[in-house]
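Below: one structure, written as structure tokens.
All values below were derived from every heavy atom in this structure, side-chain atoms included, with hydrogens, water molecules and symmetry-related copies excluded. Here is how names work: the chains are called A, B, and so on, in the same order as the sequence lines, proteins then strands, and each is numbered from 1.
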Amino acid sequence: MSHISTGVTGHPLKVYNSLGRKLEAFTPIDPKVVRVYSCGPTVYNYAHIGNLRAYIFTDTLRRVLQWKGYDVVHVINITDVGHLTSDADEGDDKMELAASKAKQTIWEVAAHYTDAFKADLNHLNIQDPTLWAKATDHIQEMIAFASTLEENGVTYGLDSGLYLDTTKVADYGRLALMDHEGMMEGARVTSVEGKRNPTDFAIWRTSEEAGKRQMEWQSPWGAGAPGWHLECSVMSIKYLGRKFDIHTGGVDHRQVHHCNEIAQNQGYRGDEDSGVNYWMHNEFLVSGQDKMSKSKGGFLRLQTLVDAGFHPLVYRYFALTADYRSTLDFSWDALKAAQTGYGRLLMRVARHKEAGQWPTKWSGLLDDIRYSRGSSYTFIMGQLLDGVSETAQGWLDRLDEALSNDLNMPMVLAALSELVQQEGLEPDEMLRVLALYDLVVGLGLLSMTAEELTLRPAEAGLSDDDVNGLLQERTQARKDRDFARADAIRDQLQEAGVVIKDGPEGTAWSWK
RNA sequence: GGCCGGGUGGCGAAGUGGUCUAACGCUGAGGUCUGCAAAACCUUUACACGUGGGUUCGAAUCCCACCCCGGCCUCCA
């Protein structure tokens, strides 16, 4: 049995590397600091809950790294450059399209959706990255990067722009386990004229007609805009170095975007290395049989869940019930089940809080964790771990074992569920263990209450005052033993989506 | 057409060679409480590993075939 102390704990961390498709022991380049780059959103629309799942995954990754005692430098990019909806230089630019629809400038659109995205992450208790990297802030660096690619002889020019020749880099497509022969370019979209290989892609897109687009820059290849894949290579190398530890993204990126990014990295540096030690990809949130997708329309936003009465953290809990590498099947019933389970968990924690003593200094420290990086994380862990019993260590070992196994959060939740129901721990020690679990799961175990999980639905017919008024009336009716009247009110409230909870100290209620 | 992945009780979802007569949560059932309920708590149910072969002392876990389903090869987490 391993002894847990601050810093790297007992079980060696293993992560699943998409490059090679196998579980590997995690070893950082720098023994103290881990550098992580996560592909962020294109800000032409709101994020849907499937998009958000990806960041719950990166947040989990980050918390686990911090749990293991590392400082984490985490970069997320914001793609605010318009990219064509079609690879064939036809169709509209997504950003431009969104702007003309909203009758705003493209910059306003980008700012609006960037803010909305960050707010969503905040509501989900996702730690801010060390740095947000905005594509439009790096155009000149992209041009310089593209020039280097050109100098290194891995590109060729066409009327439509500058392209990367994927046969000029080593082993193109290995991340995707790509089968070059069997590919059907043009199966879904017409190909670009003049491309030498089906997998070649644009580094720079030249505008057909200069000055037509809102976002356009001069370049050695004519006025235009950078290719979509360019920004990630440029910004990750700029902020994390030519070789860094972890790159994350959705599984869809594993096939094209990241293969292209690798090709760019290789072409830029003139070697065969992908530039990243661990490529990690999260699976999709699905609904019924289909993946959730913006282009299909009718997607669910976090706000949609809130309007339906679900606290954002219910979605976080729901996301943690599945492995990040498995598809997760969303349904309202499943979300409701998560809300119920999460609520009961919090109620059990609340009982432990009543029984135990919780030094107030820790509440403040735990709060700080959200806004700071690894070092204070280590500090807090040291405080909480100081002198815990062997029983407590056993529970922490279980946590450590689960998260060390490629971030097995369902296992962590299972342990947590058993933990709060067991009686072998002193109350204050129980709280410390719970606080340590919460450093990883980020569910506000010690700060949230079950009542907060159900919100007033947007379409609720009654106001809180209405409800309170009716409850008062009901209480009086019960006192008068006018049960017919009392039950009528109860039925009415139930109809309106209100759950009544009678207790020894009076009547509480919540939205359903 | 090619490549990748998946099919576990009513639902979500772990588990990838023996501790699986399969974790955990939700649901269902009974009970406590209650004027009756609800909520909460306690107890409990369901003999679930897509199908057919094979390997092995032993398979949900490995191999083969088949049947379904999804993703990717346009932008997408």
Phosphate OP1/OP2 of B/rA77: any A/Arg254 side-chain N/O under 4.0 Å: no
Could you check whether the side chain of A/Arg490 and the base of B/rA37 have a donor-acceptor pair of N or O atoms closer than 3.5 Å, going by distance alone? yes
Is_stacked (A/Phe483, B/rG35) at 5.5 Å, 30 deg: yes
Between A/Lys501 (NZ) and B/rC41 (P), how many Å, whole number? 11 Å
Round to the nearest Å and state the distance from A/Asp329 atom CG to B/rG7 atom P. 12 Å
Atom CZ of A/Arg344 and atom P of B/rC42: how far apart are they, to the nearest Å? 10 Å
Does a side-chain N or O of A/Gln421 approach OP1 or OP2 of B/rU43 to a distance below 4.0 Å, or not? no
Whole angstrom is fine here: how far is it from CZ in A/Phe330 over to C1' in B/rA77? 16 Å
Going by the rule side-chain hydrogen bond (donor to acceptor under 3.5 Å, both in side chains), which residues pair with A/Ser274 if we only count those two or more places apart in sequence or in a different chain? A/Trp279
What is the distance, rounded to the nearest whole Å, between atom NZ of A/Lys195 and atom P of B/rU74? 7 Å
Is the gap between the ring centers of A/His258 and A/His281 under 6.0 Å? yes
Determine whether A/Phe244 and A/Tyr239 satisfy the following criterion, ring pair (Phe, Tyr, Trp, His ring centres under 6.0 Å), listing intermediate values before the conclusion. CA-CA 10 Å; A/Phe244 58 95; A/Tyr239 295 113; over 10 Å; no
